[in-house]
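Reviewing the structure listed below.
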Amino acid sequence: EYVHSSSLLWTKKEKPKTNTISEILKEKTLKPSRRSLPCLAQSHDQSVKDHYEEEAEASTYEAGRTDESFLIQKPATRAKLEARGTNPGQPSGLLFRDGKKRIDYILVYKKSSPLVEKRVTFERNLRAEGLMLEKEPSLTNTDIMFVKIHAPWDTLCKYAEQMNIRMPFRKKSYFTDWKSKAMGRCRQIKSWLPRNPMKLDKEALPDLEETDCYTAPFSRARMHHFTINNRHTFFSNSTRSRIVHHVLQRTKYEDGKSKMGINRLLGNGTYEAAFPPHEGGYKSRHPIKTHGAQNHRHLLYERWARWGMWYKYQPLDLIRRYFGEKIGLYFAWLGWYTGMLIPAALVGLLVFLYGFLTMDTSQVSKEICEANTTIMCPMCEENCNPWKLSDSCVYAKVTHLFDNGGTVFFAIFMAIWATVFLEFWKRRRAELTYDWDLIDWEEEEENLRPQFEAKYSRLERVNPISGKPEPFQPFTDKLSRLMVSVSGIFFMISLVLTAVFAVVVFRLIAMEKFASFDWEFVKKNWQFATSGTGVCINFMIIMSLNVVYEKVAYLLTNLEHPRTESEWENSFALKMFLFQFVNLNSSTFYIAFFLGRFAGRPGKYNKLFNRWRLEECHPSGCLIDLCLQMGVIMVLKQIWNNFMELGYPLLQNWWSRRKIKQTEREERTRGGQNVENKVQLPQWDKDWNLQPMNAHGLVDEYLEMVLQFGFTTIFVAAFPLAPLLALLNNIIEIRLDAYKFVTQWRRPMPARATDIGIWYGILEGIGVLAVITNAFVIAITSDYIPRFVYAFRYGPCVDKEYHHENRCLQGYMNSSLSVFDMGVRWNVSEEQSRYCRYRDYRASPWSPVPYDFTLQFWHVLAARLAFIIVFEHLVFGIKSFIAYLIPDMPKSLCDRMRREKYLMQEMMYEAELEHLQKERKKNGRRYHHEWP
């Protein structure tokens with residue numbers, strides 16, 4: 001597993017079992033971590049009324065505030081700082097000018113923008129919703145103005161209740177049983193073993209213990225149930241930003257139901273950007289080991305985003321706390337996928353090494369390399385001469401690297417691997433959703449998209465879940481929009497197929513040109529030249545069409561008017577996957593299943609447009625063409641994606657810094673006031689100079705990995721090194737994405753999610769397709785079945801007891817080549833002047849029925865069909881059996897969830913009882929232990 005979660009509950013010290021719920025409630029609270037602010041126990045001596053008494057928002061902030069970045073400091077360092085009375089964790093540019101109100105969101109607009117009225121109305125409505133605004137000019141651009149937004153306590157409580165945000169209300173209790181005792185002994189034994197170098201040092205990470213609290217949907221009426229030690233830290237930074245974003249999405253800027261939302265204002269140019277601020281800089285002049293981390297961003301950079309941490313587990317809890325559950329789940333899935341690639345890469349490398357070690361001893365390769373007298377038919381009908389089979393010796397040896405005895409085993413292994421990967425990911429996801437308190441977060445709690453509300457506000461129906469009226473899209477309208485969208489999808493797919501047809505035509509033309517080339521080296525290796533140039537041109541077409549597909553998918557998805565953000569993302573993701581999957585794999589499918597199947601024979605070749613002869617396979621098979629296609633596209637696409645993900649933002653940020661320095665020099669030249677240096681810029685100015693996160697969220701990140709998963713599984717029988725290339729790329733990808741999120745992008749809006757969305761269904765579909773395609777690749781594309789039929793039906797081992805591979809394949813190449821009468825004398829020996837050989841199972845020209853299919857052809861065809869049926873049924877049976885054996889959720893986790901549900905009900909009951917009893921006692925009423 002290539003992931004790490006620093007809050008596994010069973011690794012914490014467990015308490016002895018108590019008998020009653022009352023004892024649990026009265027039990028002394030565990031000493032809280034210095035960084036688990038939301039779960040700090042309240043003092044029972046303080047009056048509930050005094051604790052929840054309203055206080056002014058402008059009250060002294062520092063007196064009641066515990067800075068999170070200060071808490072990250074190591075104990076020794078904090079003691080020294082406390083003695084000096086300083087607070088180095090004080091972030092620069094994260095507060096209003098009064099130094100008290102925290103900045104929860106930033107809006108950016110240009111002073112020269114003509115849409116002043118919309119902006120003024122929008123900001124006035126934001127204040128009416130309870131938000132506090134403050135404006136600040138930019139220090140790097142005189143035309144830029146920042147609007148800092150702060151959400152007061154009352155506003156946070158109001159919208160937290162509306163959004164059903166779950167907040168902590170009681171510390172979790174654990175019970176000791178025989179399993180936990182056994183686990184304790186195992187941990188004790190494990191402590192004696194050498195430390196795993198991939199694990200992060202726990203002393204360097206904050207103890208994020210907010211998952212150690214029972215949570216419930218926030219309610220102002222039941223506020224006394226929740227553990228509120230400090231109002232400024234009760235709602236985390238990510239939660240505050242999410243609440244403000246919710247308000248921004250639903251605030252009007254003009255009269256009219258469709259005139260609302262920050263997204264529309266960003267689209268029409270009223271605002272330039274809207275983003276939550278980073279928690280400070282990601283670098284420090286002091287080493288983190290001695291001075292600790294300045295903030296969570298600095299900690300993420302040092303313990304996650306640096307390239308030197310490539311071999312370490314990921315701090316998933318810290319990622320989730322800073323970026324939200326949605327991004328946390330993406331990195332958890334990416335880490336799990338990368339870890340599962342390790343066994344697949346090792347097995348694929350062993351299969352490749354087996355082919356490499358047996359390359360010179362392969363009977364088929366030896367027969368091709370020694371066939372100095374075997375004359376092959378010309379590759380074209382003009383300017384092409386017959387050629388010797390031995391000229392393709394290198395081609396045959398390279399083919400054996402990927403088409404050998406381990407191919408079938410590796411295909412079965414990868415099909416099982418895909419199932420195990422997905423099944424165990426479901427278990428890992430269940431643990432994460434429990435640890436991150438996402439079990440009860442369901443789709444009905446997700447809010448409607450503002451565009452959907454504005455479009456269908458006149459039509460309402462009662463939500464069957466909540467019982468409240470909400471906008472409704474009629475079925476006929478939804479069906480008509482869906483039909484238009486599907487038509488657009490098919491049109492774009494047809495465009496892809498047209499591009500593939502153009503590449504096929506190019507390969508046919510290039511084949512004739514390279515086969516008759518003047519340069520002997522190119523003429524001798526015309527197969528490599530044809531495949532290589534075809535792959536490169538195909539790659540350029542793929543990358544060009546991807547730009548068009550993204551715009552078309554965006555338009556079609558907006559045309560459908562999805563109900564929620566998750567529905568919009570799922571619809572957009574499905575379109576992007578269909579477009580790019582067909583775009584990326586259509587030429588690969590052509591090479592795997594159509595190349596050389598309809599070429600005809602010498603004297604009766606099939607021609608495209610009666611002009612170009614269809615392409616043939618090499619005498620050693622077509623698998624090397626498929627391998628070359630996959631290898632080149634996979635490597636080039638990964639290089640291009642990595643450049644676009646990191647290189648492009650780096651160049652953009654460098655250009656922004658260059659413009660700032662140029663502006664500073666111009667100011668100095670004119671004698672004006674110097675612009676502040678980059679280090680002294682406030683946080684909002686620094687974030688503004690960063691690049692925004694992709695408008696489509698994590699779609700591009702998931703899409704890249706899912707397409708890679710398809711390359712790794714669908715045609716893995718032809719390219720066993722695909723898992724190894726994917727593993728190396730993903731090790732870089734994790735740190736590259738981490739570096740990009742932490743240093744090059746503005747902080748994205750923290751969003752919640754319970755799973756990876758539609759991508760899991762796509763991965764399952766790819767797993768099923770992989771079984772089918774690998775069965776056809778082995779049966780049709782590779783020469784495994786023809787060699788198998790020859791060895792057991794026509795070879796020298798038919799009547800023998802031994803079945804040695806090399807002995808049984810003696811004479812295989814001669815058996816797989818047919819004879820053609822050219823009828824014209826060439827500059828060769830007299831005996832072979834009229835005849836040439838070609839790859840097929842046809843009768844000789846002197847037989848009663850010349851060039852008819854032989855009995856061996858039908859035997860091979862029957863064996864291929866039988867292999868496809870047996871392989872698919874066997875692998876699907878194994879996959880289904882494995883999926884049945886592996887439950888979606890660990891049993892221990894199910895027991896913990898059921899126990900927690902029971903305790904939560906009892907705790908809510910007794911907490912309410914205790915509250916009412918205190919109220920009665922305070923009012924002088926008689927005290928009763930029973931429910932009033």
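Just so you know, residue 1 is the first one in the sequence shown, and it goes up from there. The figures that follow rest on heavy atoms only: side chains count, while hydrogens, waters and symmetry mates do not. Treat the numbers as computed from the prediction; the structure is a model and nothing was measured.
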Determine the minimum heavy-atom distance between [X] and [Y], stating which atoms define it.
{"X": "L329", "Y": "A753", "answer": "CD1-O, 3.3 Å"}
{"X": "G328", "Y": "L316", "answer": "O-CD2, 4.2 Å"}
{"X": "P277", "Y": "D687", "answer": "CA-OD2, 3.4 Å"}
{"X": "M693", "Y": "P748", "answer": "SD-CB, 3.3 Å"}
{"X": "K111", "Y": "M145", "answer": "CE-CE, 3.4 Å"}
{"X": "Q294", "Y": "G281", "answer": "OE1-O, 4.4 Å"}

Under 6.0 Å between ring centres: does that hold for [X] and [Y]?
{"X": "Y702", "Y": "Y330", "value": "yes"}
{"X": "F122", "Y": "Y253", "value": "no"}
{"X": "W568", "Y": "Y554", "value": "yes"}
{"X": "F146", "Y": "Y109", "value": "no"}
{"X": "W304", "Y": "F331", "value": "yes"}

With rounding to the nearest 0.5 angstrom, report the [atom1] to [atom2] distance, [X] to [Y].
{"X": "L107", "Y": "Y271", "atom1": "CG", "atom2": "OH", "result": "5.5 Å"}
{"X": "M705", "Y": "L763", "atom1": "CE", "atom2": "CG", "result": "11.5 Å"}
{"X": "L248", "Y": "I262", "atom1": "CG", "atom2": "CD1", "result": "5.5 Å"}
{"X": "L555", "Y": "N558", "atom1": "CG", "atom2": "CG", "result": "7.0 Å"}
{"X": "M309", "Y": "L300", "atom1": "CE", "atom2": "CG", "result": "11.0 Å"}
{"X": "W153", "Y": "R231", "atom1": "CH2", "atom2": "CZ", "result": "5.5 Å"}

Is it true that [X] and [Y] have a side-chain N and a carboxylate O under 4.0 angstrom from each other?
{"X": "E325", "Y": "R242", "value": "no"}
{"X": "D104", "Y": "R240", "value": "yes"}
{"X": "R320", "Y": "D317", "value": "no"}
{"X": "K326", "Y": "E569", "value": "yes"}
{"X": "R97", "Y": "E136", "value": "yes"}
{"X": "E279", "Y": "R747", "value": "yes"}
{"X": "R166", "Y": "D437", "value": "yes"}

Can you confirm whether [X] sits close enough to [Y] that some side-chain heavy atom of one is under 4.5 Å from a side-chain heavy atom of the other?
{"X": "L139", "Y": "P682", "answer": "yes"}
{"X": "P692", "Y": "F275", "answer": "no"}
{"X": "R746", "Y": "Q691", "answer": "no"}
{"X": "Y760", "Y": "W425", "answer": "yes"}
{"X": "F218", "Y": "Q162", "answer": "no"}
{"X": "K575", "Y": "V552", "answer": "no"}
{"X": "L559", "Y": "T557", "answer": "no"}
{"X": "V116", "Y": "R119", "answer": "yes"}

[X] and [Y]: side chain donor to acceptor below 3.5 Å:
{"X": "R321", "Y": "N237", "result": "no"}
{"X": "S238", "Y": "S241", "result": "no"}
{"X": "H296", "Y": "Y282", "result": "no"}
{"X": "E550", "Y": "N546", "result": "no"}

**Report entry** Worked check of side chain to side chain contact (heavy atoms under 4.5 Å, CB included) between T121 and E254
**Finding:** CA-CA 7 Å; T121 304; E254 278 185 4; over 6 Å; no

Is the side chain of [X] donor-acceptor paired with the backbone N or O of [Y] at a distance under 3.5 Å, no angle test?
{"X": "T338", "Y": "L334", "value": "yes"}
{"X": "R429", "Y": "T754", "value": "yes"}
{"X": "R306", "Y": "E302", "value": "yes"}
{"X": "H298", "Y": "K283", "value": "no"}
{"X": "E129", "Y": "T251", "value": "no"}
{"X": "N263", "Y": "Q249", "value": "no"}
{"X": "N164", "Y": "P217", "value": "no"}
{"X": "N730", "Y": "E733", "value": "no"}
{"X": "R297", "Y": "G280", "value": "yes"}
{"X": "T155", "Y": "G130", "value": "yes"}

Query raised in the report: Taking the six-membered ring of Y105, is NZ or CZ of K148 closer than 6.0 Å to its centre and within 45° of its axis?
Result: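 Negative - K148 is either too far from the ring of Y105 or too far off its axis.
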
**Report entry** Verdict with reasoning, M163 to I243, per side chain to side chain contact (heavy atoms under 4.5 Å, CB included)
**Finding:** CA-CA 8 Å; M163 298 170 65; I243 291 174; 4.1 Å; yes

Query raised in the report: Picking from I144, V108, L681, D143, what satisfies side-chain contact (heavy atoms from CB on, under 4.5 Å) with S138?
Result: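 With S138 as partner, side-chain contact (heavy atoms from CB on, under 4.5 Å) holds for just one option, I144.
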
Query raised in the report: I762 and F709: side chain to side chain contact (heavy atoms under 4.5 Å, CB included), yes or no, with the steps?
Result: CA-CA 10 Å; I762 293 175; F709 179 79; over 6 Å; no

Query - Stepwise side chain to side chain contact (heavy atoms under 4.5 Å, CB included) test for D98 and K101 - result: CA-CA 7 Å; D98 60 4; K101 302 179 184 64; 2.6 Å; yes

Report task. Apply the test salt bridge (charged side-chain N to carboxylate O under 4.0 Å, His left out) to residues E123 and K118: give CA-CA distance (whole Å), side-chain angles for both, the deciding distance (0.1 Å), then the verdict. Result -> CA-CA 9 Å; E123 293 174 2; K118 293 181 180 179; over 6 Å; no

